[in-house]
Amino acid sequence: MPLHPEIAKFLATLPPAPEGPLDPAALRAAEEAHVPAVADRLPLHAVRDLTAHTTSGDVPVRLYTPTAADRHGLLVYFHGGAFFLGSLDTHDHLARSLAKETGLKVVSVGYRRAPEAAFPAGLDDCLAVTRWAAEHGADLGWDGTTLGVAGDSSGAGFAAAVAARAHDEGFDRITHQILYYPSLDLDFDEDRYPSLRENAVGYGLETAGLKPFNAFYLDSGADPADPLVSPIKREDVNGLPPALVVTAEFDPMRDEGELYGRRLQDAGVPTTVSRCQGAGHGFVQHFSWIPEFHQVFAETRDFLNWH
C-alpha cells in the first residue's frame with residue numbers, strides 16, 4: 001500500500017534539511033518545542049518523576065501508573081533519537097499510551113546521550129535502571145511478573161542490547177523485549193539491506209541521513225562491529241527473551257529489524273515480526289494518533305499477554 005496520506009501530507013510541509021553540520025542543541029530545542037502541555041496529555045492514574053540511584057549513577061526516570069491497582073507488571077522504556085535526541089518529555093505521550101493500553105507500569109529512562117556522554121554511558125544507564133527496577137520492585141508497585149524492555153529506533157537498539165547484555169551477565173529477570181522499528185546495524189553500507197535503497201528518499205528518515213545522525217554516537221566510541229552497538233551482529237541469540245519486532249513498510253531500516261526477528265525465530269526465541277503497512281520510520285512517536293498506527297499498542301499488549 002502507499003504511504004499513509006496523513007504522513008505524506010506532513011512530509012510535504014517539511015522544509016529542506018539544513019546544510020552543514022548538525023547542531024544537537026538546536027535540534028533538541030526544536031523537538032522539545034512540540035511537546036504538549038501537561039494538561040493536554042493522556043491522563044493516567046499517576047505519573048511521577050523519580051531518580052534511580054544505580055550502579056551507573058543517578059538516572060532520571062518517569063513512572064507511569066495506569067490504574068489504582070496495588071501491583072502491575074513493569075515495562076522499562078528507552079526513547080529513540082539517534083542516541084543524541086529524545087527525552088522523557090518528547091516520548092511522554094508514547095509512554096502514556098503504552099501504560100494505558102498494556103495495563104503495565106512504564107518506567108521511562110532519561111539516559112545520558114551523545115555527544116556529551118561517551119559510549120557506553122547511555123547503554124549502561126539503560127541496563128542499570130532495568131536492574132534497579134527489579135531490585136526496587138516493591139517500591140515501584142511491581143507485581144513480580146512481567147519485566148519487559150522496550151524502545152523505538154535507537155532506543156529499541158538499546159533494548160535489544162540490554163536484553164543481550166543482561167543474559168550474558170546472568171540477570172534473568174527480563175521477560176520480553178519490544179522493538180519498534182529498531183536500529184540494530186550501525187554499518188550503513190547501502191548494499192547491506194534492500195530497504196536502504198528501496199526507501200532511501202521521500203519517506204521522512206532517509207538513508208543518506210543515517211550516517212550524520214548517528215555520527216555523534218559513533219564518534220563517542222561506539223564501534224559498529226560491536227554487538228552492543230549493532231545487536232544484529234551478535235552471533236548467538238539463543239536464550240534471549242521473547243521479542244516483538246515492529247517494522248515500518250517505508251523505513252530504510254526495515255530489513256535489519258525483520259532479519260533480526262527471523263534470527264531470533266530460527267534460534268527458538270518466541271518472536272513476532274510485524275510490518276506496519278503504509279508507515280515510515282518514527283510512526284509510533286509521531287503518528288500513533290492515527291487509528292491504524294495506534295493499534296501497535298494493542299498488538300504490544302496482546303504479545304505481552306501471550307508470551
Side-chain angles (χ1 to χ4, degrees), residues 3-42 47 49 59-62 77-98 108-119 121-122 125-126 151-158 180-183 186 188 199-220 222 248 250-253 279-290 293-294:
L3 188 67
H4 192 284
E6 290 291 345
I7 298 180
K9 184 194 308 182
F10 171 76
L11 294 179
T13 68
L14 295 180
E19 297 182 0
L22 298 176
D23 181 346
L27 290 170
R28 290 169 181 167
E31 195 175 40
E32 297 286 342
H34 293 286
V35 173
V38 173
D40 297 330
R41 303 177 194 179
L42 178 70
V47 178
D49 284 341
V59 183
V61 300
R62 186 168 293 167
Y77 196 84
F78 314 127
H79 66 76
F83 308 100
F84 80 99
L85 290 172
S87 69
L88 296 178
D89 286 333
T90 63
H91 286 65
D92 181 84
H93 64 293
L94 197 162
R96 287 171 182 263
S97 292
L98 263 179
S108 187
V109 182
Y111 58 82
R112 288 171 289 174
R113 301 172 296 184
E116 294 86 356
F119 174 83
D125 289 351
C126 291
D152 61 295
S153 192
S154 57
F158 272 161
Y180 298 141
Y181 37 86
S183 174
L186 270 65
F188 298 119
N199 299 326
V201 296
Y203 301 112
L205 176 67
E206 299 192 343
T207 298
L210 292 174
K211 285 184 179 179
F213 266 85
N214 286 276
F216 296 114
Y217 190 52
L218 297 179
D219 290 346
S220 80
F250 295 107
D251 184 358
M253 301 195 303
H281 190 83
F283 76 91
V284 179
Q285 179 188 1
H286 299 295
F287 296 102
S288 57
W289 55 270
I290 299 173
F293 299 154
H294 192 79

Within a strict 4.5 Å, meaning less than it, do heavy atoms of the S97 and L42 side chains meet? yes
Verify, without hydrogens or angle tests, whether H79 (side chain) and G155 (backbone) share a donor-acceptor contact under 3.5 angstrom. no
What I'd like to find out is whether the side chain of I7 reaches to under 4.5 Å of the side chain of F250, using heavy atoms alone. no
With a 4.5 Å limit on heavy-atom distance, are the side chains of S87 and E32 in contact? yes
Which atoms form the tightest heavy-atom contact between G110 and L88, and what is the distance? N-CD2, 3.5 Å
Between S220 and F119, is there a donor-acceptor pair closer than 3.5 Å when you use the side chain of the first and the backbone of the second? yes
Shortest non-hydrogen contact between P212 and L22, atoms and distance: O-CD1, 3.6 Å
Side-chain donor-acceptor pair present, S153, H281, cut-off under 3.5 Å: yes
Is there a donor-acceptor pair under 3.5 Å between the side chain of S288 and the backbone N or O of F293? no
Under 3.5 Å, is there a donor-acceptor pair linking the side chains of D152 and H91? yes
I need the D92 CG to Y77 OH distance, nearest 0.5 Å. 12.0 Å
Side chain of R113, backbone of G86: donor and acceptor closer than 3.5 Å? yes
Exam field: side chain H294 to backbone W289, donor-acceptor pair closer than 3.5 Å: no
Can you tell if the side chain of T90 reaches within under 4.5 Å of the side chain of V35, non-hydrogen atoms only? yes
Using the side-chain hydrogen bond (donor to acceptor under 3.5 Å, both in side chains) rule, collect all pairs that involve residues 3-14, keeping only residues at least two apart or in two chains. H4-E292
Is there a donor-acceptor pair closer than 3.5 Å between any side-chain N or O of Y181 and the backbone N or O of G280? no
I need the minimum non-hydrogen distance between G151 and A156, along with the two atoms involved. O-CB, 3.3 Å
With sequence neighbours excluded, tell me which residues meet side chain to side chain donor-acceptor pair (under 3.5 Å) with E116. R28
Could you report the tightest heavy-atom contact between Y111 and G122, atom names first, then the distance? CB-O, 3.8 Å
For E31 and L85 the tightest heavy-atom approach is OE1-CB, 3.7 Å
Less than 6.0 angstrom separating the ring centers of F158 and F83, yes or no? yes
Determine whether L210 and M253 make a side-chain contact, defined as any pair of heavy atoms from C-beta on separated by less than 4.5 Å. yes
Output the distance between atom CG (L27) and atom CZ (F213), rounded to the nearest 0.5 Å. 5.5 Å
When you compare the side chain of F188 with that of L186, does any pair of heavy atoms fall below 4.5 Å? yes
Pairing residues for D49 by the side chain to side chain donor-acceptor pair (under 3.5 Å) criterion, not counting sequence neighbours: R62
